[in-house]
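Ligands are counted one by one from 1 in listed order, and the atoms in each one are counted from 1 as well.
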Amino acid sequence: MDREQWGSRWGFVLAAVGSAIGLGNIWRFPYVAYKNGGGAFLIPYMFALLTTGLSFVALEFVIGKKYRGSAPLSYFRINRRMEFVGWWQFAISFVIMTYYAVILGWAMSYIGFSATLAWGTDTKSFLFNSYLNVLPNASVTNFGGIEWHAFIPLLIIWVITLAISYRGVKQGIERVSKIAIPTLVFLFLIFVIRAVTLPGSSLGLNAFFEPQWNQLLNPEIWKAAYSQIFYSLSLAMGIMITYSSYLPEKTDTTNNAFIAAFSNSGFELLAGFGIFAALGFMAHNSGVAVKDLAAGGIGLAFVVLPQIINQLPFPQFFGIVFFACLLIAGITSLISLLEVCISAATEKFGWDRHRAVLTIGGLATLVSVAYSTRGGMYLLDVVDNFVNGFGVLPSAVFEIVLVLWVFHKMKPLMEEANLHSQIRLGGYFKISLGFITPVMLVIILFSSLITNISTVYGGYPVNFVGVFGWGMVILMLVFAVLISRLSWKDKRVFEKKEEKE
Ligand code: TRP
């Protein structure tokens with residue numbers, strides 16, 4: 001059996017863009033930007049995009065194409081001692097996937113709520129009380145049981161996702177991406193154009209674009225910017241390697257990397273425009289300053305937007321458009337998160353795709369039920385923060401330092417990329433990715449380690465953050481190290497492309 005392949009170059013690019021554009025762009029970016037000082041955030045964000053994001057996508061695309069394997073297998077082929085990084089990325093994808101599906105479930109419910117504006121005027125209380133019935137406090141021992149309103153849509157999301165994945169790379173992922181991404185862009189433009197033409201939109205846009213220079217010395221903002229770039233571009237989690245491993249030999253990976261990175265950030269900034277313009281409209285209507293509007297945090301999309309939608313002409317229409325965007329954008333990302341795990345498991349355990357989809361998908365479904373409990377919202381917040389801050393960022397450091405420096409792949413990878421590319425990787429790539437990126441990441445990691453040790457994240461009980469934040473990160477690490485000691489079951493792993501030096 002040969003390795004699956006994409007049907008066309010555009011199929012691949014759309015799938016990669018589909019993975020990148022997701023909840024990160026529409027749900028996470030605006031709230032992270034909002035929480036980190038709005039405009040203050042854009043400078044570190046752009047810096048991270050230009051010095052890290054672009055080159056990092058190019059790196060992952062060429063790794064996948066050259067070594068033709070899931071993340072663990074590609075790293076294994078670089079050097080067997082590097083395999084654990086791939087399993088760590090597997091673990092990160094798995095963890096993200098479990099809460100990602102839950103938010104998609106909310107988005108699906110909100111499409112339904114839009115039809116009748118069921119959220120009423122107090123949208124915050126609707127989200128937390130009527131819909132999710134959230135417990136007043138986070139607690140390790142009391143999750144308050146399953147909340148059916150969240151659980152049922154969650155199951156539907158999983159059924160859809162597993163069904164797409166089950167059909168394979170070309171028939172499933174590629175086909176869905178080709179329809180979903182153009183639809184998404186079209187619908188999202190409707191939303192953004194409406195938002196920026198509202199009265200008061202400039203208030204919000206000013207808040208978004210106004211730089212706050214004094215904030216630039218705050219390391220938490222830099223951490224947020226880097227985490228956002230990694231999250232949004234799906235970097236250091238194995239997916240870009242996995243997707244490009246299904247590419248034919250002669251592909252121009254660098255060019256495709258630029259297309260993917262710029263489409264993603266373009267879409268993200270567009271989302272920022274749309275959401276902040278809408279916030280400006282609300283500020284204008286209520287006479288409250290943009291920065292004081294209620295509910296930053298993970299509720300932004302589900303609390304503030306419904307309030308704004310209420311005030312629009314044809315609110316039902318815009319509600320459905322917005323939440324449909326969230327759902328479409330998210331599904332293509334969820335499929336890709338799952339694909340990281342599926343491709344790795346088929347190679348490691350010699351499973352076929354169907355068995356991997358059912359096993360891993362089933363397991364992920366079970367775990368995600370934890371977030372559909374009444375305490376699930378707190379769990380989600382802590383897990384999202386720790387998996388991104390202390391899972392993804394160290395994973396990125398390991399990936400760069402090991403691939404480029406310890407195992408000396410800078411030159412061969414650049415040569416491979418340049419062989420078929422219109423855009424040459426050269427000095428900029430070396431300096432930005434080989435030097436600036438690891439230095440920035442290490443500084444950020446240390447300072448944020450200190451902050452997180454001296455203060456407890458989000459004001460939650462210490463043991464809650466200890467177990468679900470730190471505990472989870474440690475568990476991921478242990479898993480990665482242990483599983484990389486098992487041998488590969490799929491014998492094709494050894495057939496070709498062992499590095500000849
Ligand atoms: N990039 C996706 C988004 O913006 C989410 C995501 C994070 C992701 N990590 C990933 C998707 C890894 C696929 C693989 O929403």
Side-chain angles (χ1 to χ4, degrees), residues 12 14-33 45 48-49 53 56-57 60-61 64 70-71 86 88-104 106-107 157 161 164-165 169 173 176-177 180-181 184 188 224-245 257 260-272 275 298 301 325-344 360 364 380 383-389 391-393 395-396 399 476:
F12 160 72
L14 285 174
V17 170
S19 166
I21 297 185
L23 296 177
N25 304 60
I26 309 179
W27 163 80
R28 198 173 190 278
F29 176 76
Y31 95 71
V32 170
Y45 173 85
L49 170 67
F56 214 111
V57 188
E60 295 212 329
F61 276 2
S70 62
W88 188 352
Q89 302 186 340
F90 173 105
I92 294 172
S93 299
F94 186 85
V95 169
I96 294 183
M97 176 159 77
T98 59
Y99 72 79
Y100 210 85
V102 181
I103 305 166
L104 288 183
W106 302 349
I157 294 291
T161 308
I164 299 172
S165 220
V169 173
I173 302 178
V176 169
S177 306
I181 298 304
L184 171 66
F188 203 65
Y226 272 82
S227 307
Q228 177 60 24
I229 283 292
F230 279 98
Y231 188 93
S232 180
L233 281 168
S234 316
L235 293 175
M237 307 183 209
I239 184 57
M240 293 306 178
I241 295 181
T242 307
Y243 271 7
S244 58
S245 74
F262 280 124
S263 322
N264 180 65
S265 282
F267 192 94
E268 190 148 274
L269 290 172
L270 200 68
I275 306 248
I298 55 182
C325 285
L326 209 53
L327 183 64
I328 298 172
I331 289 269
T332 49
S333 301
L334 185 58
I335 302 169
S336 73
L337 282 160
L338 182 61
E339 189 63 21
V340 174
C341 303
I342 287 173
S343 63
I360 295 183
L380 198 160
V383 169
D384 176 55
N385 183 65
F386 275 81
V387 78
N388 287 295
V392 177
L393 298 186
S395 146
E399 183 174 336
M476 285 171 23

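Panel note: side chain S333, backbone I21; a donor-acceptor pair is recorded below 3.5 Å.
Here's the thing with I21: none of its N/O atoms is less than 3.5 angstrom from an N/O atom of ligand 1.
Note that CD1 of I331 is 10.0 Å distant from OH of Y100, once rounded to the nearest 0.5 Å. In this structure, CG on N388 lies 4.5 Å from CZ on R28, to the nearest 0.5 angstrom. With values rounded to the nearest 0.5 angstrom, D384 atom CG is found 7.0 Å from I103 atom CD1.
Nearest-heavy-atom check against atom 15 (O) of ligand 1 across Y231, F267, Y100, W27 picks out Y100. Across the listed options S234, S336, A20, A20 owns the non-hydrogen atom lying nearest to atom 3 (C) of ligand 1. Relative to atom 2 (C) of ligand 1, the option among G22, A16, G24, S19 with the closest non-hydrogen atom is S19.
Atom numbering of ligand 1 starts at 1 in the shown order; those under 4.0 Å from a heavy atom of S333 are 2 (C), 11 (C), 13 (C). Taking every non-hydrogen atom of N25 and a distance limit under 4.0 Å, the qualifying atoms of ligand 1 come out as 4 (O).
E339 and T242 form no side-chain donor-acceptor contact under 3.5 Å, judged by distance and modelled atom types alone.
From the protein, the heavy atom lying nearest to atom 9 (N) of ligand 1 is M237 SD, 2.8 Å. For atom 12 (C) of ligand 1, the nearest protein heavy atom (residue, atom name, distance) is L337 CD2, 3.2 Å.
Between M237 and F230, the closest heavy-atom pair is CE-O, 3.6 Å.
Residue contacts with ligand 1 leave out V340, since none of its heavy atoms falls under 4.0 Å from the ligand.
Counting heavy atoms closer than 4.0 Å to ligand 1, residue S93 contributes nothing at all.
In summary, the aromatic rings of F267 and F29 are positioned with their centroids too far apart to meet the 6.0 Å limit.
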